[in-house]
Amino acid sequence: MNKSDFFQNVFDVTKLVPHGRVTSYGAIAHYLGAKQSSRMVGWAMNASHKLKDVPAHRVVNRNGILTGKFHFETPDRMKELLEKEGVKVVNDQIVEFDKYFWNPSIELEFH
DNA sequence: ACACTGACCACTG
DNA sequence: CCAGTGGCCAGTG
């Protein structure tokens, strides 16, 4: 996997996050075999602004905090999108994050 | 070419 | 337990 593939894979995995579920930067990085490149996942999200079909709002940090909210059109946009999908957000943090967490390393595992 | 910055995370002492 | 730190690497000045 080369570098540009990494970015593309980040987008692909993000698109696979089911409606009403969320995942984390680290989980995506880990799934792609680069768990220490979670920062790059965030960077990829930044680049995903142009691609409108990437649900960047379903990607938060490992604590379920909406760290990327200020990169949306408005700071409340991310929360609105999540709550529209049934995910509760209080104080910029996802309530019962464990319940909604979608781990690609498990869900997309090949058997 | 160099230094610094991130929408982060796991490890260490 | 918590603060510090190293790793990752594309972009920017």
Side-chain angles (χ1 to χ4, degrees):
Chain A
M1 169 170 66
N2 62 38
K3 300 158 199 167
S4 33
D5 281 341
F6 178 77
F7 271 68
Q8 188 57 54
N9 287 336
V10 170
F11 298 144
D12 289 343
V13 174
T14 305
K15 290 181 193 173
L16 293 175
V17 178
H19 184 278
R21 304 292 296 280
V22 294
T23 191
S24 73
Y25 305 99
I28 294 173
H30 187 267
Y31 172 70
L32 297 178
K35 66 177 179 180
Q36 299 189 270
S37 296
S38 43
R39 303 173 100 183
M40 296 304 101
V41 177
W43 200 248
M45 289 299 102
N46 197 26
S48 80
H49 274 285
K50 331 164 186 176
L51 296 72
K52 302 193 189 317
D53 53 342
V54 178
H57 62 281
R58 295 188 189 136
V59 185
V60 296
N61 79 353
R62 66 153 200 236
N63 296 315
I65 298 174
L66 279 53
T67 49
K69 59 179 282 190
F70 294 112
H71 292 263
F72 283 77
E73 302 170 14
T74 70
D76 293 329
R77 184 67 178 161
M78 193 172 186
K79 176 179 176 178
E80 288 173 9
L81 290 169
L82 286 171
E83 293 194 328
K84 183 178 289 187
E85 299 184 358
V87 179
K88 290 186 180 179
V89 177
V90 174
N91 199 18
D92 294 339
Q93 184 163 15
I94 293 175
V95 179
E96 293 181 293
F97 179 53
D98 293 347
K99 185 175 169 185
Y100 298 110
F101 183 65
W102 182 86
N103 189 340
S105 297
I106 295 173
E107 307 289 346
L108 300 179
E109 191 174 12
F110 297 104
H111 290 287

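Lettering follows sequence order; numbering is per chain, from 1.
In this structure, the OH atom of A:Tyr25 is 17 Å from the C1' atom of C:dA10, given to the nearest Å. For the pair A:Asn46 CG and C:dC8 P, the interatomic distance rounds to 22 Å; values are reported in whole Å. Regarding A:His30, its NE2 atom lies at a distance of 19 Å from the P atom of C:dG7, rounded to whole Å. Atom CZ in A:Arg62 sits about 11 Å away from atom P in B:dC11, given to the nearest Å. We find that CZ of A:Phe6 is positioned 13 Å from P of C:dG11, with the value rounded to whole Å. Atom-to-atom, CZ of A:Phe97 to C1' of B:dC9 comes out at 13 Å; the value is rounded to the nearest Å. Atom CE in A:Met45 sits roughly 14 Å away from atom P in C:dG11 (whole-Å rounding). Distance A:Gln8 CD to C:dA10 C1': 16 Å, rounded to the nearest Å.
Using a 4.0 Å cut-off between charged side-chain N and carboxylate O, A:Lys79 and A:Asp92 make no salt bridge. Electrostatic pairing of A:Arg21 and A:Glu85 does not count as a salt bridge here, judged by no charged N lying under 4.0 Å from a carboxylate O.
Here, C:dA10 and B:dA10 have their C1' atoms 22 Å apart, quoted to the whole Å. Separation of the P atoms belonging to B:dC8 and C:dC1 is 23 Å when rounded to the nearest angstrom. Rounded to the nearest Å, the gap between the C1' atom of B:dC4 and that of C:dG6 is 16 Å.
The pairing partner recorded for C:dG7 is B:dC8, the criterion being a Watson-Crick or G-U wobble arrangement whose two distances lie under 3.5 angstrom. Base pairing annotation: C:dC2 forms a Watson-Crick or G-U wobble pair with B:dG13, both donor-acceptor distances under 3.5 Å.
Base engagement by A:His49 is indicated by at least one non-hydrogen atom pair under 4.0 Å involving a base atom. When heavy atoms are screened at a 4.0 angstrom cut-off, A:Ser37 is found touching the sugar-phosphate backbone but no base atom.
Residue-to-nucleotide proximity on DNA chain B shows that, of A:Met40 and A:Asn61, the 5′-proximal contact is made by A:Met40.
Closest to the side chain of A:Ser24, from the set B:dA7, C:dG7, B:dC9, is B:dC9. In the set B:dA7, C:dC8, B:dC9, C:dC8 carries the atom at the smallest distance from any side-chain atom of A:Arg39.
Residues A:Met45 and A:Val59 form a side-chain contact, since some pair of their non-hydrogen atoms from C-beta on lies under 4.5 Å apart.
If you take CG on A:Asp53 and OG on A:Ser48, they are separated by 9.0 Å, rounding to the nearest 0.5 Å. A distance of 6.0 Å separates NE2 of A:His19 from CZ of A:Arg58, quoted to the nearest 0.5 Å. One distance of note links CE of A:Met40 with CG of A:Leu32; it measures 13.0 Å at 0.5 Å rounding.
Residue pairs meeting the ring pair (Phe, Tyr, Trp, His ring centres under 6.0 Å) criterion with at least one member in residues 74-101 of chain A, sequence neighbours excluded: A:Phe97-A:Phe101.
Considering only side-chain N and O atoms, A:Thr67 lies under 4.0 angstrom from the phosphate OP1 or OP2 of B:dC8.
For DNA chain B, the residues of residues 70-87 of chain A within the heavy-atom distance limit of 4.0 Å (strictly under) are A:His71, A:Phe72, sorted by number.
Scanning for salt bridge (Lys or Arg N to Asp or Glu O under 4.0 Å) contacts around A:Glu80 gives A:Arg77, with sequence neighbours left out.
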